[in-house]
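Remarks on the structure that follows.
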Protein chains: 2
Amino acid sequence: MSPYDPSAFPPFAVTVDLVVLTVRRHSLCALAVRRGEAPFQGRWALPGGFVRADEDLAMAAARELEEETGLCAHDPGTPAPAPGNGAHLEQLATYGDPKRDPRMRVVSVAHLALAPDLPAPKAGGDAHSARWAPVETFLEPEDEETGALAFDHAQILADGVERARSKIEYSSLATAFCPTEFTVGELRRVYEAVWGVALDPRNFHRKVTGTPGFLVPTGGTTTRQGGRPAQLFRAGGATLLNPPMLRPEV
Amino acid sequence: MSPYDPSAFPPFAVTVDLVVLTVRRHSLCALAVRRGEAPFQGRWALPGGFVRADEDLAMAAARELEEETGLCAHDPGTPAPAPGNGAHLEQLATYGDPKRDPRMRVVSVAHLALAPDLPAPKAGGDAHSARWAPVETFLEPEDEETGALAFDHAQILADGVERARSKIEYSSLATAFCPTEFTVGELRRVYEAVWGVALDPRNFHRKVTGTPGFLVPTGGTTTRQGGRPAQLFRAGGATLLNPPMLRPEV
DNA sequence: GATCATAGTCGTCTGCCTGACGATAAACAC
DNA sequence: GTGTTTATCGTCAGGCAGACGACTATGATC
C-alpha cells in the first residue's frame, strides 16, 4: 500500500489539550474545566478542543488558551508582546492511545502554558465551569468531590508538571510565572511552589543576580511583600541558565 | 459547536516520522530514505508512515523502526530486552502545519531513535533506497546530489539532533549509541561525535566511572581500539546523570 | 628485541560554584 | 522604641571540573 494514498489513511480527530499552570498562594495550580457532556460528564478535565482545518497546532493551542483564560500566548524566545497578559506556551507531548477516547480515535497534542497569577477563570464554551486548583488535587485525587481527571488527562497533567519542574532548572522559564516586574523574592517563591521545597534566600539571591543576562534591574523598588523594599527586575535576554539552578534532593 | 461532535471534526491523517541516529566513523549519522513518489520524488526524507487504526503512537513508531532497520525498540527506562539489536525510542515532537504536506492535512508525530552502529540499512517498502549520512549532510545541504530533505523533515531532524545533544548531558542516553558492552573510550567517542568536540580522556574517565550506577564493569577487557586493553562496561541502572556532563563551550 | 605510537588509567592542583549560615539594612505593626 | 518581616551582603568549607603530568599495557615497526 502506498503510505500516502489519501483514500487509505484511517480517520483521526486531532485536538489540543492545555496544561495551564500558575502559582497562586504559594502553590502550583492547574486550570481545569468541568465537562458538560458525556463521556466523563461532570468530571474535571484539561481545557482543549479540536484543531481547525486551516490552523497550525501552536495556533490552535493559543486560540484555546485565549478562549479559556483571555491570555495572549507568545512563542518562547521572543519577549512578551503584550506585557501583563502574556503567557509562555510550548508543545508538551502527543497522546494517541486508540482507547483514550471511548467514542473515536482522537490524537491530542498537549501543550504547556505558564502564566502569572490571574483573576478568576472564565468558563469556556464547552465547560459548565472552570477553576484553578493545586496540581496535587488532580494528581492525588483523595478529594471525593473533585475526583480524577477525565480521559488520560491526569497523565498529561503529570507530564506537564514534570516538564515545568525540570525546565526551570536550566532555563529562565520561572519568570513566566511572574508579572513583568518582580522581585528576587517573588521569583524564589515561584521556585519554591513549583518544586515544593524551601530555598535559602541568600544563596538564591546570589545565584540569580550573579547570572549575567538573567535579570535586569528596572530601577524601581517595591514593598508589596512587607519588610525591606526589594529591587524590581525584568526577565533578561538569557533564556538558558548555565550552570543550572540545582533542585534540592527530595 | 460541540467540540466532540463526531461529524464536525476536520479530517486528519496521522503519521509517525523517525529521526534515527547512530554514530559511525566518529560522526553523528541519521537514517534517510529516498522517496519513490511525488511529491518530493527522488528526494531524501525521514522514514515514517501512517499510524494504523488500532495502533498506539509508540507502537507505530516501533513498527516503522523495525521495518526500516530491523531494530527492536524498547521503552526508555527498561533495560534492552534484546541485547545487541535494541534501540532507544522516544517521542520527539509533533508537526502539524496545514501546508506541510501539499496534498492533505497530515499531522506527524516525530520520534527519536538512537541505535548502535548498524550494518548497511535495508530499504523500506516505500523507498527506493536508504542510507546513513552525517547529519550535517542533511542540515547544511551544500551537497548538490543530496539536496534538502523533503517536507519539513530538515526541521524535524534538527530538533531530533538537538534533543539528543542536550539529553546526553544529563542522562545515560549516550549508552544507547553503544553496543551492550563498551569501553570508556568508546563512550567518550560517542559524546565527541554527538557534540562535535574533543573531550579530555582523563576527566571523562573520572566523571563516568565516578558516577554511581552509571557504568558497571563486566570484568572483561578489550583491545579492539588498539593500545592498552580497556575495561568493558555495561550501562548501569542510573538513567539520570547528576551533576550532568558539561558540554564544553563551542 | 628495542623502540615507537596508541590508548587507557591514576593523580595533582587550582579555581569556581554551592550549601550553610552570620550579619546588616529597611520597611511595617504595635 | 521594639519586634517582625523581608532583602541583601559576606564568609567559609567542601565538591567538582578543567588543565595537565605520569605511568601502564598493548600492537606496529625497525
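In this text, all values refer to a predicted model and were calculated from it rather than measured experimentally.
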**Report entry** C:dC17 OP1/OP2 closer than 4.0 Å to side-chain N/O of A:Lys207
**Finding:** no

Query raised in the report: Taking only side-chain nitrogens and oxygens of B:His205, does any of them come within less than 4.0 Å of OP1 or OP2 of C:dG8?
Result: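 No, because none of the side-chain N or O atoms of B:His205 sits under 4.0 Å from OP1 or OP2 of C:dG8.
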
Distance-minimising heavy-atom pair for [X] and [Y]:
X        : Y        : value
A:Ala164 : A:Leu112 : N-CD2, 4.2 Å
A:Ala45  : A:His153 : CB-ND1, 3.6 Å
B:Pro243 : B:Lys207 : O-NZ, 2.8 Å

Query raised in the report: Do any of residues 184-193 of chain A sit with a heavy atom less than 4.0 Å from DNA chain D, and if so which?
Result: A:Gly185, A:Arg188, A:Arg189

Query raised in the report: Is it true that a side-chain atom of A:Glu186 and a backbone atom of A:Thr183 form a donor plus acceptor pair closer than 3.5 Å?
Result: yes

Query raised in the report: Any sub-3.5 Å donor-acceptor pair from B:Ser166's side-chain atoms to B:Arg163's backbone N or O?
Result: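 Yes: the side chain of B:Ser166 pairs with the backbone of B:Arg163.
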
Checking only heavy atoms, does the side chain of [X] share a donor-acceptor pair with the base of [N] at less than 3.5 Å?
X        : N      : answer
B:Arg228 : C:dA7  : no
B:Arg206 : C:dG11 : no
A:Asn203 : C:dA20 : yes
B:Arg202 : D:dG21 : yes

Take the protein atom [atom1] of [X] and the nucleotide atom [atom2] of [N], then report the distance between them rounded to whole Å.
X        : N      : atom1 : atom2 : answer
B:Asn242 : C:dG19 : CG    : P     : 11 Å
B:Asp200 : C:dC10 : CG    : C1'   : 13 Å
A:Phe204 : D:dT6  : CZ    : C1'   : 15 Å
B:Leu199 : D:dA17 : CG    : C1'   : 12 Å
B:Leu215 : C:dT9  : CG    : C1'   : 14 Å

Query raised in the report: Toward the 5' end of DNA chain D, which comes first, B:Pro229 or B:Pro244, by nearest nucleotide?
Result: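 First, find each residue's nearest nucleotide; the 5'-ward one identifies B:Pro244.
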
Report summary line: Rounded to 10°, the helix from C:dG1-D:dC30 to C:dC30-D:dG1 deviates from straight, judged by its five-pair end axes, by 10°

Query raised in the report: Nearest to the side chain of A:Leu246, which nucleotide is it out of C:dT9, C:dT18, D:dA17?
Result: C:dT18

Query raised in the report: Do A:Gln231 and A:Leu215 have side-chain heavy atoms sitting under 4.5 Å apart?
Result: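 No, too far: nothing below the 4.5 Å cut-off.
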
Query raised in the report: Looking at side-chain heavy atoms only, is the closest gap between B:Leu31 and B:Leu18 below 4.5 Å?
Result: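 Heavy-atom side-chain distance check fails, nothing below 4.5 Å.
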
Requested in this report: Evaluate the ring planes of A:Phe138 and A:Trp44, with Trp represented by its six-membered ring, and classify them as parallel (under 30°), tilted (30 to 60°) or perpendicular (over 60°).
Outcome: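 Tilted, since the angle between the ring planes falls between 30° and 60°.
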
Query raised in the report: Are B:Asp159 and B:Tyr95 close enough that a side-chain donor and a side-chain acceptor fall under 3.5 Å?
Result: yes

